[in-house]
Q: 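Pasting a structure below so you can have a look.
What you see below is based on every heavy atom in this structure, not just the backbone, and it leaves out hydrogens, waters and symmetry mates. Chain letters run A, B, ... following the sequence lines, proteins first and then strands; every chain starts at 1.
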There are 2 protein chains.
Amino acid sequence: MKLDPYDRALLAALQDDARTPQSALGEQVSLSTAAVNRRLKALAGEGVIERFSAQLNPKALGYDLTVVVEVKVESERADLLDQMQRSFAACPQVQQCYYVAGDCDFVLIFLVRDMEQYVALTRKLFFESHNVKTFKTLVAMNRVKTGATVPVDAA
Amino acid sequence: MKLDPYDRALLAALQDDARTPQSALGEQVSLSTAAVNRRLKALAGEGVIERFSAQLNPKALGYDLTVVVEVKVESERADLLDQMQRSFAACPQVQQCYYVAGDCDFVLIFLVRDMEQYVALTRKLFFESHNVKTFKTLVAMNRVKTGATVPVDAA
DNA sequence: CCTGAAATATCTAAAAG
DNA sequence: CTTTTAGATATTTCAGG
């Protein structure tokens, strides 16, 4: 799974705009269209490119409230943690979820329509699990950065 | 900026796979290719679709450490906060950054190669700003959920 | 590995109902 | 809104260096 500078340039360009024609990509990196096509297929096959996705404007869909939540659990029992993680991941309004080491156990990022929806989700996800000791809510006043791209710099 | 069920279905499909041919989209939602084309153009023009992007596998690029950081600032002066936000947003390893109300002022999600890179970035971003009072590091043991899509359900 | 050309598929716009 | 048409663009394969 080695990535040469051509691959990295292609990946950077595709993160920026996945619709760039392969011919245009070829011009940018000085490769033929066919070479670009072959590389992209390989990158997708190896799983370096996971998928192509449309990024939507949350506000246009009525989702304009982001909330960061820190969760502390009662028990670290593996089966309980697994169940929690599954329920978190299954919630469409949970945009990110991390199981972390430190002052708390989980950090979740919610994207919700309004506070009412947020409260309803906390009741559903946290109280029904019977394993949440406490959770702390941080309401985002400003989404300074979202939808960032993965750095493609060489090691 | 009204979205009917057709639009929502198209948006959901495009978040899942931005490369789905418009003919296939049309079959899925029972619309002609031409109708799909028209709707997609309108959705892009209105800014509902912000961009098309390739989602990469961070591990394949040598980025496999996610760190959540909570930052408290010394001063809430607007010009200082603006400057901090700009420097945070400009850092490629900062995947998300939120200015929040609650126990801390900023929450950042870093995607880094290793701890060494993380420490170097904190020095650069936090110490050089001269406005960070404290910061708390939460290392992700498991990325339970990332790269989620925006819910497209109707209000 | 690459290039360049040919074949296939897709997109886009226009015309007409 | 639909379908159909036609031409432009993009993708993919293949021959050959």
Q: May I ask you to list the residues of residues 43-57 of chain A, by number, that have any heavy atom positioned under 4.0 Å from an atom of DNA chain C?
A: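 The answer is none.
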Q: Please list, chain by chain and in numerical order, all residues satisfying side-chain contact (heavy atoms from CB on, under 4.5 Å) with N37(B), sequence neighbours excluded.
A: Q22(B), K41(B)
Q: Going from CG on L56(A) to CG on L11(B), what distance comes out if it is rounded to the nearest 0.5 angstrom?
A: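 Those atoms lie 5.0 Å apart.
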Q: Mind checking which nucleotides bracket the chain A contacts on DNA chain D, 5' to 3', with an atom under 4.0 Å from a heavy atom?
A: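 First-to-last contact on DNA chain D, by the 4.0 Å heavy-atom rule, is dA10(D) to dT13(D).
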Q: What distance do Q55(A) atom CD and T149(B) atom OG1 have between them, rounded to the nearest 0.5 Å?
A: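 Reported value, rounded in 0.5 Å steps: 11.5 Å.
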Q: Measure the spacing between CG of L10(A) and CD1 of I49(A) and express it to the nearest 0.5 Å.
A: 8.0 Å
Q: Checking Q95(B) side chain against G147(A) main chain: does a donor-acceptor pair fall under 3.5 Å?
A: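 No; judged by distance alone, with no hydrogens or angles, the pair does not exist.
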Q: With rounding to the nearest 0.5 Å, note down the distance linking CD in E128(B) to OG in S87(B).
A: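 With rounding to 0.5 Å, CD (E128(B)) is 9.5 Å from OG (S87(B)).
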Q: Looking at residues at least two apart in the chain, or sitting in another chain, which of them share a side-chain contact (heavy atoms from CB on, under 4.5 Å) with E27(B)?
A: none
Q: Run the side-chain contact (heavy atoms from CB on, under 4.5 Å) test against A89(A) and tell me which residues pass, sequence neighbours left out.
A: V144(B), K145(B)
Q: Name every donor-acceptor pair, under 3.5 Å, that has one atom in a side chain of residues 60-67 of chain A and the other anywhere in the protein, sequence neighbours excluded.
A:
residue, atom, partner, partner atom, Å
Y63(A), OH, Q93(A), NE2, 3.0
Y63(A), OH, D153(B), OD1, 2.8
Y63(A), OH, D153(B), OD2, 3.2
D64(A), OD1, R143(A), NH2, 2.8
T66(A), OG1, R143(A), NH1, 2.7

Q: Just the rounded figure in Å: distance from C1' of dT10(C) to CZ of R19(B).
A: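 Taking CZ of R19(B) and C1' of dT10(C), I get 12 Å after rounding.
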Q: Expressed in angstrom and rounded to an integer, what is the separation of K41(A) atom NZ from dC1(C) atom C1'?
A: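 Going from K41(A) (NZ) to dC1(C) (C1'), I get 16 Å.
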Q: Quick one: ring pair (Phe, Tyr, Trp, His ring centres under 6.0 Å) pairs with a partner in residues 133-155 of chain B, sequence neighbours left out?
A: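 Checked against ring pair (Phe, Tyr, Trp, His ring centres under 6.0 Å) - neighbours excluded - the pairs reaching residues 133-155 of chain B are F126(B)-F135(B).
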Q: Please report the distance, rounded to the nearest Å, between CD in Q22(B) and P in dT10(C).
A: 11 Å
Q: Which pairs count as side chain to side chain donor-acceptor pair (under 3.5 Å) when at least one residue sits in residues 6-20 of chain A, sequence neighbours excluded?
A: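 For residues 6-20 of chain A: D7(A)-R39(A).
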Q: Can you list the residues that meet the side-chain contact (heavy atoms from CB on, under 4.5 Å) rule with A12(B), with sequence neighbours excluded?
A: V152(B)
Q: Strictly under 3.5 Å: I want the nitrogen or oxygen pairs between protein and nucleotides 2-6 of chain C, one per line.
A:
residue, atom, partner, partner atom, Å
dC2(C), OP1, R39(A), NE, 3.1
dC2(C), OP1, R39(A), NH2, 2.6
dC2(C), OP2, R38(A), NH1, 2.6
dT3(C), OP2, S32(A), N, 2.9
dT3(C), OP2, S32(A), OG, 2.6

Q: Can you sort out which residues in residues 7-17 of chain B have a heavy atom within less than 4.0 Å of DNA chain D? Ascending by number, please.
A: none
Q: Determine which pairs satisfy side chain to side chain donor-acceptor pair (under 3.5 Å) with at least one residue from residues 70-84 of chain B, sequence neighbours left out, and list them in order.
A: E76(B)-Y99(B), R77(B)-D79(B)
